[in-house]
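Report on the following structure.
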Amino acid sequence: MSKFVTEDTHGSLNFQLMMPAFSACCEELVSRWTQSLGSDGWCEVDVCPAFQTLTGDVISRTAFGSSYLEGRRIFELQSVQADRIVAEVKKIFIPGYMSLPTKKNRLMHQTNNEIESILRGLIEKRMQAMQQGESTKDDLLGLMLESNMRETDDKGQPILGMTIEEVIEECKLFYFAGSETTSVLLTWTMIVLAMHPEWQDRAREEVLGLFAKNKPEYDGFSKLKTVTMILYEVLRLYPPAVAFMRKTYKEIEIGSITYPAGVIIELPVLLIHHDPDIWGSDVHEFKPERFADGIAKASKDPGAFLPFGWGPRICIGQNFALLEAKMAVCMILQHFEFDLGPTYSHVPHNQKMLRPMHGAQIKLRAI
Ligand code: HEM
């Protein structure tokens, strides 16, 4: 469980302060794509890696402020590490195997050490700057360290605040949980809007009506009705996390079945999101209008929309992710119109997360 967000700092994240980080990263993306346009005004990009860079940069900037370039390396290493873990999970599970000194396990250990040493360096630098009164606490790292330093100041040692080890774990968790998920959401949004030009036009009309070609403002985001409906419908059809698991800690009855303690139960989000008894016979169609009156009224069961999980472990980054996604969608719609590339084939595939198996080739044209 995330210690940082569940204890005293919960709620002190000021999203408005994060808007410059969101818009700076999105501006870089728009400018990279603009530079790729050919003489005919079009370019084709695989948006999967482009959005991975974008969301990694966003976490980097919001977590580490001006040190975000150093944070980028952590993101690359975490991504490699996640691929290795997924490959291991697919094998037959032998208890204790991961601790054996195999070549792969040694490599994973080395990568982990590298990630931790970059984080430790960033943290030490920041702590020194904070002690000298030079640094702000506007980013996630600053907030976490402030919690750490406050407790060490008052009591001489970190009792209730976060220890450095916990800050490191928290940074790793944010990278892991926050960047791949949001990049997958953006990837499917581009694909679906390329497949449904009528919704692309409606969304662009809304964005231009609110912001014209200016930088999107925080206050305007709450007025984005069409874009919000589109993002929800994308999260319903293509939830990045297709399932989540829980372990019973005591005997429990669910439905008419009694489970003993220690049983792992999987909640199949993808299946629930595609159940015609809950969503209606048009369940497989892209119909953002089902969210016109909000999430609770979109289906027969108000609790059936689960892209961010549910209960005490629900995603703590959901507002962050939706704001980031809105910023990216708005800026892309302001600058480009887009179609599917000729090589795109629609094969949703669950590898770590629900992704397009053969990439997301999109043709863009500046407007
Ligand atoms: C579209 C984007 C996202 C999706 C679909 C998503 C989905 C989820 C889901 C399903 C869970 C619950 C897992 C479980 O119950 O076992 C979760 C947890 C979590 N998410 Fe997200 N997430 C997204 C973005 C983010 C972002 C941007 C951040 C951070 C900035 C983040 C941070 C976390 C953390 C720290 C947890 C663990 C919470 C805890 O256990 O206390 N997520 N996310």
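In each ligand, atom 1 is the first atom listed, and ligand 1 is the first ligand listed. Just so you know, these numbers use all the heavy atoms, side chains as well, and skip hydrogens, waters and symmetry mates. Treat the numbers as computed from the prediction; the structure is a model and nothing was measured.
- Partners of F211 according to the ring-ring contact (aromatic ring centres under 6.0 Å, His included) rule, which considers only residues two or more places apart in sequence or in another chain, are F221.
- Using a 4.0 Å cut-off to heavy atoms of P240, the atoms of ligand 1 that qualify are 5 (C).
- Under the 4.0 Å criterion applied to side-chain N and carboxylate O atoms, E337 and R204 are not assigned as salt-bridge partners.
- With a 4.0 Å cut-off on non-hydrogen atoms, F244 touches ligand 1 through its side chain and not its backbone.
- Here the CH2-NE2 distance, from W279 to H284, works out to 13.0 Å after rounding to the nearest 0.5 Å.
- Counting the atoms of ligand 1 from 1 in the order shown, those under 4.0 Å from a heavy atom of G309 are 10 (C).
- When the options L186, T182, I316 are ranked by their closest heavy atom to atom 36 (C) of ligand 1, first place goes to I316.
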Salt bridge (Lys or Arg N to Asp or Glu O under 4.0 Å) between R202 and E289, worked out: CA-CA 12 Å; R202 270 181 72 170; E289 65 268 32; 5.8 Å; no
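- Among pairs with a residue in residues 258-284, those fulfilling salt bridge (charged side-chain N to carboxylate O under 4.0 Å, His left out) read D282-K287, D282-R290, at least two apart in sequence or across chains.
- Between Y238 and F286, the ring centre distance reaches or exceeds 6.0 Å.
- The heavy atom nearest to atom 16 (O) of ligand 1, out of those in R246, M18, M245, R313, is found in R246.
- When non-hydrogen atoms are compared, ligand 1 lies under 4.0 Å from neither the backbone nor the side chain of E180.
- In this structure, of C315, P239, S183, G317, the residue bringing a heavy atom nearest to atom 19 (C) of ligand 1 is C315.
- Checked against F338 for a side-chain contact (heavy atoms from CB on, under 4.5 Å), the options V45, V47, I332, I191 give a single hit: I332.
- Close approach of ligand 1 to P307 (heavy-atom distance below 4.0 Å) involves ligand atoms 5 (C), 7 (C), 10 (C).
- In this structure, of T181, L173, V58, the residue bringing a heavy atom nearest to atom 1 (C) of ligand 1 is T181.
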